[in-house]
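Being a predicted model, the structure only gives us computed values, none of them experimental. Computed from heavy atoms alone, side chains included, the values below leave out hydrogens, waters and symmetry copies. All chains are named by letter (A, B, ...) in the order of the sequence lines, taking the proteins before the strands, and each is independently numbered beginning at 1.
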Amino acid sequence: MSQAWIYTIVYFAWLIGAACFVLGLHLMNSPATGRNGNRLSAAGMVLAVSATLIDLIVRPEGLSGTAAVIIVVGFGLGGGAGLYTARTVKMTAMPQLVSLFNAVGGGAAALVAIDDFIRLAGGGADISTTIFVVLGVVFGSVTFSGSLIAGGKLQGLIPGKPIVVPGGQILTIAIAIIALVGTVALILGAAGVLALSSTASILLLGLIVAAGLIFGITMVLPIGGADMPVVISLLNALTGTAAAMAGFVIGNPVLIIAGALVGASGTILTNLMAKAMNRSVLNVMAGGFGTGDSATGVVAGGAGASVREVSADDAAIQLAYAQSVIIVPGYGLAVAQAQHQVRELAELLEAKGVDVKYAIHPVAGRMPGHMNVLLAEANVPYPQLKEMDEINPDFDRCDVALVVGANDVTNPAARNPGSPISGMPILDVDHAKSIIVIKRSMGHGYAGIDNELYSNPKTGMLFADAKEGLAALTAAVKAV
Amino acid sequence: MSQELLNALALFVLAILVGFEVISKVPATLHTPLMSGANSIHGIVLVGGMLIAAEADNPLSYLLAFVAMTFGAMNVVGGYVVTDRMLQMFRKRTTPAAAPSAEQGEGRN
């Protein structure tokens with residue numbers, strides 16, 4: 001077969017792979033087909049990678065021994081590490097793992113662009129290649145260091161609270177100027193206006209890489225732990241764009257298509273997440289908001305408004321004799337890793353003939369949909385999980401609403417103007433006949449304001465950690 | 001700009017539009033698996049790592065290609081496996097009320 005024929009077949013394989021990515025994402029529309037969608041996408045990946053490998057082997061110049069070793073050992077090492085961590089990670093730690101995978105993807109995109117630039121630095125890089133290299137390198141290195149910091153914050157390696165570096169903004173501006181000057185110099189060099197030796201242009205690129213890495217760190221450090229999902233999503237989109245830029249640099253269609261797909265999806269997802277929290281993406285990036293995993297709030301009853309405290313036994317009686325119960329799980333449940341306890345309580349109530357449903361706010365947990373994953377992991381039947389719009393009318397007919405570690409998403413203050421969370425979509429928990437709130441303390445939620453729900457006469461507060469509170473409730477319900 | 005570059009730009013713009021259209025239809029409950037799935041797709045940069053490995057001819061290039069391969073492979077393999085783990089949990093149980101706790105633990109890896 002001639003070389004042109006082989007390249008045509010490989011190109012087709014890349015296009016089929018790209019089509020699998022699109023169709024796979026489309027199948028992720030519904031829980032029923034989602035898994036097949038992911039498998040289709042994986043099949044596309046296997047096809048694209050195999051076709052590339054065959055292309056490299058049958059090239060006239062062949063695949064050198066060193067290159068073969070690099071490909072096989074690199075794949076084995078990285079693939080093995082990815083497989084092991086993905087298999088063993090606890091589902092509650094999953095967001096930081098996604099962040100880590102995002103970091104290495106961004107790093108790989110930056111390295112591909114850097115390597116190609118070094119090869120061309122002898123004078124082969126034209127203006128457009130230089131621009132794509134710089135964009136790929138900047139996006140890739142920002143997402144590499146930024147995702148590592150974001151993952152570190154979620155893992156607790158770096159404090160979740162916003163870290164404000166004195167003079168941080170000036171530093172950020174200085175870095176941006178350095179990167180910009182470096183970029184302009186490189187473009188002028190490519191245009192022939194500026195005479196740059198290959199060493200000089202490689203050093204300039206190194207400067208841009210360093211600026212990108214530092215920018216990633218200074219961008220994420222001042223952002224609170226609770227905002228990390230938005231940040232990771234944004235960085236995910238950025239990695240996609242970096243991969244597309246790397247695709248332009250090496251002239252590969254499948255990198256361009258897949259990277260652009262991810263760039264678009266990540267952007268949409270980032271906006272949706274920020275909107276659900278009633279914030280803008282810019283507002284999130286400005287940082288200094290959100291306290292992350294603040295385990296220590298104000299002591300029980302510390303806040304001014306009078307609240308009614310309820311014992312586990314009293315709460316259990318209410319639950320056991322209810323017709324219908326809606327459970328509202330929140331961030332606190334995810335932090336306490338109490339998803340198995342909540343499922344146990346729900347099954348116990350169902351055995352007593354109580355109708356149990358879960359009300360899932362779009363941003364419950366640490367990422368949109370994270371709560372669904374956590375509850376699904378604990379074997380909560382998927383049909384019991386109701387989205388906000390679907391469940392809200394049901395609160396009017398519900399006997400007891402059990403709020404576990406959720407705060408701002410239940411605050412009726414969002415319905416009135418003049419509150420920081422005004423206009424945020426909330427769960428109509430206060431419409432239930434009776435409300436039980438399991439919460440560690442009267443500490444504030446993410447928005448830092450009082451929750452009017454807690455001072456509602458219908459509300460009983462059960463002050464406990466989500467896990468302990470649910471265990472106590474389960475024991476008490478068994479005793480009823 | 002070369003014709004090749006113009007074609008690549010057209011591909012880029014169309015792929016962005018397809019991405020917007022495909023993604024905007026996904027319900028919020030699946031956003032985390034979706035994000036993870038999209039995350040594994042940008043692991044396609046692995047192909048880039050293979051191409052630069054094949055052209056490498058000096059120690060620096062070997063090193064860059066090796067790290068890019070390792071990173072890309074970790075992104076791809078880990079990404080798809082963790083997404084699959086998430087999605088397999090969304091399976092439906094036909095008789096939720098009749099599912100006793102004896103079944104717990106099933107479906108976890």
Subject >> Stepwise side chain to side chain contact (heavy atoms under 4.5 Å, CB included) check, S265(A) with V22(B) >> reply: CA-CA 8 Å; S265(A) 81; V22(B) 165; over 6 Å; no
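Of the residues considered (V112(A), I71(A), D115(A), V373(A)), D115(A) shows the highest number of contacts with chain B, using heavy-atom pairs under 4.5 Å. Here T239(A) is the residue among I360(A), V22(A), T239(A) with the most heavy-atom pairs under 4.5 Å with chain B. Of the listed residues (L77(A), L56(A), I250(A), N102(A)), the greatest number of heavy-atom pairs within a distance under 4.5 Å of chain B belongs to N102(A). Your options are A18(A), G80(A), A86(A), and the one with the most heavy-atom pairs under 4.5 Å with chain B is A86(A). With respect to chain B, the highest number of heavy-atom pairs below 4.5 Å among D55(A), I70(A), L111(A), V49(A) belongs to I70(A). Comparing L63(A), I127(A), V89(A), T85(A) by heavy-atom pairs within less than 4.5 Å of chain B, the highest count is held by V89(A).
Looking at heavy atoms from C-beta onward, L25(A) lies in side-chain contact with I41(B) at the 4.5 angstrom threshold. With a 4.5 Å cut-off on side-chain heavy atoms, I44(B) and V262(A) do not count as touching. Side-chain atoms of M86(B) and N38(A), non-hydrogen and from C-beta on, never get closer than 4.5 Å to each other. Counting only heavy atoms from C-beta outward, the side chains of F66(B) and V69(A) never approach each other to under 4.5 Å.
For F132(A), the part lying near chain B is the side chain, with the backbone staying farther off; criterion is any non-hydrogen pair under 4.5 Å. Looking at T66(A), the atoms closer than 4.5 Å to chain B (heavy atoms on both sides) all sit in the side chain, from C-beta outward. For N236(A), the parts lying under 4.5 angstrom from a heavy atom of chain B are both the backbone and the side chain. If you measure heavy-atom distances from L97(A) to chain B, the contacts under 4.5 Å come from the side chain alone. Residue F75(A) touches chain B through both its backbone and its side chain, counting heavy-atom pairs closer than 4.5 Å. If you measure heavy-atom distances from V249(A) to chain B, you find no contacts under 4.5 Å at all. With a threshold of 4.5 angstrom between heavy atoms, I257(A) approaches chain B through its backbone and through its side chain. Contacts between L100(A) and chain B at a heavy-atom distance below 4.5 Å involve the side chain alone, from C-beta outward.
Note: F12(B) and F248(A) have perpendicular aromatic rings, judged against thresholds of 30 and 60 degrees for the angle between ring planes.
Between the CG atom of N75(B) and the CE atom of M45(A) there is a distance of 8.0 Å, given to the nearest 0.5 Å.
Formation of a donor-acceptor pair under 3.5 Å by the Y80(B) side chain with backbone atoms of S41(A) is found in this model. One N or O on the side chain of R119(A) and one on the backbone of E55(B) form a donor-acceptor pair closer than 3.5 Å.
Of all heavy-atom pairs between A108(A) and A68(B), the closest is CB-O, 3.7 Å. Of all heavy-atom pairs between I16(B) and A260(A), the closest is CG1-CB, 3.7 Å.
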